[in-house]
Colleague: 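Dropping the structure in here first, questions after.
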Protein chains: 2
Amino acid sequence: MSIHGKASLPVIKRLPKYYRYLSNLSKDWHNENGHNKKDEQNISSSELARLMGTTASQVRQDFNCFGGFGQQGVGYKVDVLLAEIGTLLFGTEGERLPTILIGAGRLGNAVSSFIARDTNGYRLIGAFDVNPALVGKELMQGVTICPLGELEAFCQQHKPAVAVLCIPRQAAQELSDELVRLGIRGFWNFSHYDLSVVYPGVTVENVHLGDSLMSLGYRLRNE
Amino acid sequence: MSIHGKASLPVIKRLPKYYRYLSNLSKDWHNENGHNKKDEQNISSSELARLMGTTASQVRQDFNCFGGFGQQGVGYKVDVLLAEIGTLLFGTEGERLPTILIGAGRLGNAVSSFIARDTNGYRLIGAFDVNPALVGKELMQGVTICPLGELEAFCQQHKPAVAVLCIPRQAAQELSDELVRLGIRGFWNFSHYDLSVVYPGVTVENVHLGDSLMSLGYRLRNE
DNA sequence: TAGATTGTTAATCGATTAACAATC
DNA sequence: TAGATTGTTAATCGATTAACAATC
């Protein structure tokens, strides 16, 4: 399936949006009555494009990066497409990425429940904080907040792949060397520190909450 | 200043990053000793590019969208540049965008303190939630959580420009018509609902926390 | 003046869109 | 078979990078 395999970053970033729209389409279809068990839900690139506010060309180009799973004259089977994109995004069940949370304050707390509830593909296996008042608390079922001092031993034992950073910029800066050394391959970074620049070889998704809000402000004022 | 004025979206999205790097440069400089009061801190496009992991060409092209504030042979004055970009991003003091928070649960709570602490250009003036247990609580100084029923009256009186959505997807879907009708011009949307598609004429910044995490997963598994 | 670095134009690169032949 | 829609190649568009003349 992913042998075609030359998906560019813009394409990859669109995958979650396809996944959302297809999920909703599938949900709506299954909630409707009167479908024969053998009925197949199909959607054409042009209809999906209309819904998502893009072009049919883009939809077809994107899907073809991963191998053609459409039917000429008919369209794409929604459930097949959904499963396909789901596997691309989340891997298979056993592949969930082991993830740790650094910083379990208010933001970390909200983000951890978000990961547990609204994402697939990740498994939160540990949480760390410098604040002694938080250490020992149970962040969620099976995850107790540990002191930062235990980070190294934990990583050696459990080999997390992803770290979610909900700490001040300064702290992220000081910790980033350490985390890469401990084998972390990806970051989801809320700390306003550009890890990507420091470690160009590591896959990093800098979220920068503030950045998006700033550019929104610019656009509201100037457009 | 913004008469050159043909900044494309990619350029606008880079502005916050410039702002961060220039802030740090300025901070470091002012912390150093031995500067004469009249010393000016300059930085060349190539040095800034090296720090940020981009090219000198891009830096110069970007800055020139807003009018050239460099000095040939010398570079850019850090503080001038910082003030200039700051004004672009945040407007002037009196222009802070009046903002409301919809959904004051865990995420909303974290985000509200984030807005108060780490952003400029916004002024949180109201918060709303459907949960009666939250209504009446003081979210932060001067902002008490109101029932959603008071939204319309509030908007008519205070005319907020931006809404931050920290509510479930479904709720966002139901509320979006209403919010646009009430004069909201920009959204910072954590609800996984594509407002941008519904209202192409409205400036929307969809954050989609989950999306960024999903594409990170793809890249970790496939690259 | 000589050296450095900007401002700006031109070249390149990549992503999006359009077109159309293949085929269900 | 005829109609529809994909898969894929070609054309367009825009953003990034390179080059260089202007100038501090």
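The sequence lines fix the lettering, A, B, ..., with proteins before strands; numbering per chain opens at 1.
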Colleague: Which parts of residues 14-21 of chain A get close to DNA chain C, meaning a heavy atom less than 4.0 angstrom away?
Modeller: R14(A)
Colleague: What nucleic acid atoms does S45(A) come within less than 4.0 Å of, heavy atoms only: base, sugar-phosphate, or nothing?
Modeller: sugar-phosphate
Colleague: Nearest heavy atom decides the nucleotide; on that basis, is S46(B) or P10(A) closer to the 5' end of DNA chain C?
Modeller: S46(B)
Colleague: Going by side-chain contact (heavy atoms from CB on, under 4.5 Å), name the residues that satisfy it together with V180(A), two or more places apart in sequence or in a different chain.
Modeller: F187(A), Y199(A), V202(A)
Colleague: Report yes if some heavy atom in the side chain of I115(B) is under 4.5 Å from a heavy atom in the side chain of L213(A); otherwise report no.
Modeller: yes
Colleague: Within the structure provided, determine whether L107(A) and F114(B) are in side-chain contact (heavy-atom separation under 4.5 Å).
Modeller: no
Colleague: In residues 47-56 of chain A, what donor-acceptor pairs under 3.5 Å come from side-chain atoms, sequence neighbours left out?
Modeller:
residue	atom	partner	partner atom	Å
E47(A)	OE1	R50(A)	NE	3.2
E47(A)	OE2	R50(A)	NH2	2.9
T54(A)	OG1	Q58(A)	OE1	2.7
T55(A)	OG1	Q58(A)	N	3.2

Colleague: Given pairs defined as Watson-Crick or G-U wobble with both distances under 3.5 Å, what dot-bracket annotation applies to DNA chain C, with ( ) intrastrand, [ ] crossing, | other strand and . unpaired?
Modeller: ..||||||||||||||||||||||
Colleague: Scan for ring pair (Phe, Tyr, Trp, His ring centres under 6.0 Å) pairs involving residues 70-101 of chain A, sequence neighbours excluded, and state none if there are none.
Modeller: Y19(A)-F90(A), F63(A)-Y76(A)
Colleague: Among residues two or more places apart or on two chains, list those pairs meeting salt bridge (charged side-chain N to carboxylate O under 4.0 Å, His left out) that have a residue in residues 180-193 of chain B.
Modeller: E152(B)-R181(B), E178(B)-R181(B)
Colleague: Using atom CZ of F66(B) as one end and atom P of dT6(C) as the other, report the distance to the nearest whole Å.
Modeller: 17 Å
Colleague: Mind checking what makes side-chain contact (heavy atoms from CB on, under 4.5 Å) contact with V143(A), not counting sequence neighbours?
Modeller: A127(A), L139(A), M140(A)
Colleague: Please confirm whether the shortest side-chain N or O distance from Y76(A) to OP1 or OP2 of dG7(D) is below 4.0 Å.
Modeller: yes
Colleague: With R14(A), which residues qualify under salt bridge (charged side-chain N to carboxylate O under 4.0 Å, His left out), at least two apart?
Modeller: D62(A)
Colleague: Treating primed atoms plus P, OP1 and OP2 as sugar-phosphate and everything else as base, which nucleotides of nucleotides 17-24 of chain D get B, S or - for protein heavy atoms under 4.0 Å?
Modeller: BBBB-BBB
Colleague: Going by the salt bridge (charged side-chain N to carboxylate O under 4.0 Å, His left out) test, which pairs reach into residues 205-215 of chain B, not counting sequence neighbours?
Modeller: R20(A)-D211(B), R219(A)-E205(B)
Colleague: From CG of L81(B) over to C1' of dT6(C), roughly how many Å is that when rounded to an integer?
Modeller: 13 Å
Colleague: Between F69(A) (CZ) and dG7(D) (P), how many Å, whole number?
Modeller: 9 Å
Colleague: Starting at CZ of R50(B) and ending at C1' of dT5(C), how long is that distance when rounded to a whole Å?
Modeller: 17 Å
Colleague: Would you be so kind as to tabulate the donor-acceptor pairs closer than 3.5 Å made by side chains of residues 167-174 of chain B, with sequence neighbours excluded?
Modeller:
residue	atom	partner	partner atom	Å
Q170(B)	NE2	E174(B)	OE2	3.4

Colleague: Given atom CG of L9(A) and atom C1' of dT16(C), what is their separation to the nearest angstrom?
Modeller: 15 Å
Colleague: In whole angstrom, give the distance that lies between atom NZ of K13(A) and atom P of dA15(C).
Modeller: 12 Å
Colleague: Which pairs count as salt bridge (charged side-chain N to carboxylate O under 4.0 Å, His left out) when at least one residue sits in residues 94-115 of chain B, sequence neighbours excluded?
Modeller: E93(B)-R96(B)
Colleague: Could you tell me the separation between the CG atom of N42(A) and the P atom of dG3(D), rounded to a whole number of Å?
Modeller: 20 Å
